Amino acid sequence: MTYLPADMYQHQLPEAYFEASEEELARRIQQAKAELGQRVVVLGHHYQRDEIIRWADFTGDSYKLSKLANSRPEAEFIVFCGVHFMAETADILSDPPRAVILPDLSAGCSMADMAEIQQVEDAWTLLTARYGPEIVPITYINSAASLKAFVGQHGGLVCTSSNAASALAWALERGKRVLFFPDQHLGRNTGVKLGIPLTKMANYNQYRGELLGDDAALADPTLILWQGHCSVHQKFTPAQVERVRAEMPGVKVIVHPECSHDVVRLADIAGSTELISKTIAEAPAGSQWAVGTEINLVSRLARQYTDKTVVSLSGANVCPCSTMYRISPQHLCWVLENLVAGQVVNQVRVDNETRHWAKVALDRMLSVPANV
């Protein structure tokens with residue numbers, strides 16, 4: 001097997017892949033998967049489009065797929081249909097290391113890009129100087145491997161939206177304060193869920209390198225929130241909740257905790273994509289659901305559970321994750337056919353030192369239960 005050099009930039013696919021029809025691509029993907037057999041496992045995040053999900057051996061959210069990364073030990077190759085930080089996580093958790101492949105290396109995450117290692121190190125220096133060493137760092141899984149390694153080295157852990165409450169409780173058993181990054185909204189919503197008042201939460205602006213908040217919060221914060229966010233979930237608003245309740249009497253509103261606190265406060269339920277999927281699957285026939293998360297999952301749930309009404313909370317203003325959408329049938333076909341030909345393209349690799357400390361943080365994540 002030949003491993004071709006990879007970098008962070010997606011190489012141009014041969015034009016023939018874009019000239020192929022949907023039917024031809026499907027036939028070729030199926031054939032490549034059949035030829036590779038147990039040597040390959042394909043993981044698909046819930047936000048992938050249906051043309052990709054149909055080929056996934058396992059589907060789920062970041063937490064579930066992280067746990068499934070080693071579920072097929074006979075597989076030499078993990079093709080991760082998600083975004084870059086997910087492929088990094090799979091590479092870190094692969095034991096023994098296997099080739100983790102991201103079909104399009106340009107599939108990133110705008111939230112993950114809102115926290116860089118130098119910014120985190122600068123914040124840590126400022127915060128420990130101001131408040132002392134009793135701070136435990138938590139990074140959301142939507143972050144680079146270097147940030148996961150940072151929290152591993154500093155006694156913290158990684159969390160996902162499925163286990164954020166358990167992770168935050170774990171951290172507060174070990175320290176007086178928590179630095180939570182990069183998503184302020186998941187941190188704030190989780191803190192409120194655990195009974196931490198908003199007056200005990202401060203914000204850290206990574207671009208100006210300063211703490212923000214009222215005097216009480218700055219004097220003795222329990223939770224220090226990085227000012228990052230998900231561009232998709234910030235499109236959901238309180239006005240949309242009010243509108244859908246007026247238009248659909250009796251509707252249940254269920255949203256992802258990356259939404260703003262004002263939206264989560266008005267919703268009936270907030271939780272991970274696994275919780276959203278499970279809740280709607282188990283809901284009674286005839287029930288109505290307005291869902292505040294990425295449109296591919298919402299549309300899939302609507303088609304799957306036709307005995308219920310499932311709509312996007314945003315109405316006609318659909319909220320796709322543009323970076324997830326970069327994973328296309330053309331890219332999936334390309335990486336699989338290269339594997340059949342004996343070439344590994346788009347391998348995502350984490351260096352050994354980063355891998356070690358990031359795995360410490362991820363193992364801690366996997367040791368605390370999911371709250372879904």
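Keep in mind that what you see is a predicted model, and the values were worked out from it rather than measured.
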Does a sphere of radius 6.0 Å around [atom1] in [X] hold more than 12 heavy atoms from other residues, nucleotides or ligands, not counting ones at 6.0 Å or beyond?
X      : atom1 : answer
Glu282 : CD    : yes
Glu247 : CD    : yes
Glu15  : CD    : yes
Asp307 : CG    : yes
Lys252 : NZ    : no

If you measure from the Lys or Arg side-chain nitrogens to the Asp or Glu carboxylate oxygens, is any gap between [X] and [Y] under 4.0 Å?
X      : Y      : result
Asp61  : Lys64  : no
Asp91  : Arg349 : no
Glu76  : Arg98  : no
Arg245 : Asp268 : yes
Arg72  : Glu74  : yes
Arg27  : Glu23  : no

Within the distance-only criterion (no hydrogens, no angle test), does the side chain of [X] pair as donor or acceptor with the backbone N or O of [Y] below 3.5 angstrom?
X      : Y      : result
Asp262 : Pro238 : no
Arg364 : Gly156 : yes
His154 : Phe150 : yes
Gln288 : Pro249 : yes
Thr128 : Trp124 : yes
Gln206 : Ala123 : no
Asn163 : Leu366 : no
Thr125 : Glu121 : yes
Lys308 : Ala283 : yes
Ser299 : Asn296 : no

Q: Please list all pairs passing the salt bridge (Lys or Arg N to Asp or Glu O under 4.0 Å) test where one or both residues lie in residues 322-346, with sequence neighbours left out.
A: Arg28-Glu337
**Q.** Inter- and intrachain pairs under salt bridge (Lys or Arg N to Asp or Glu O under 4.0 Å), touching residues 153-172, at least two apart
**A.** none
Q) Do the rings of Trp226 and Tyr204 sit parallel, tilted or perpendicular, given the 30° and 60° boundaries? A)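 Trp226 vs Tyr204 ring planes: tilted.
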Q | Pairs meeting criterion ring-ring contact (aromatic ring centres under 6.0 Å, His included) with involvement of residues 241-265, two or more places apart | A | His233-His256
Q. If you take all heavy atoms of Leu297 and Ser277, which pair is closest and at what distance?
A.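 That closest heavy-atom pairing would be CD1-OG, 3.8 Å.
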**Q.** Non-hydrogen atoms of Pro257 and Val264 that approach each other most closely
**A.** CA-CG2, 4.3 Å
Q | Criterion side-chain contact (heavy atoms from CB on, under 4.5 Å) against Phe180, the qualifying member of Leu225, Thr139, Val136 | A |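 Of the listed options, the one satisfying the test is Leu225.
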With the side chain counted from C-beta on, respond yes when [X] and [Y] share a heavy-atom pair under 4.5 Å apart, and no when they do not.
X      : Y      : result
Val83  : Leu102 : no
Tyr140 : Cys159 : yes
Val298 : Ile295 : yes
Asn203 : Leu211 : no
Val255 : Val241 : no
Cys259 : His185 : no

Q: Any chance you could lay out the salt bridge (Lys or Arg N to Asp or Glu O under 4.0 Å) test for Lys278 and Glu274, step after step, and finish with the verdict?
A: CA-CA 6 Å; Lys278 182 175 184 288; Glu274 284 296 302; over 6 Å; no
Q. Any side-chain donor paired with an acceptor under 3.5 Å for Ser106 and Asp104?
A. yes
Q | Geometric cation-pi criterion Arg174 and Trp170, 6.0 Å radius, 45° cone | A | yes
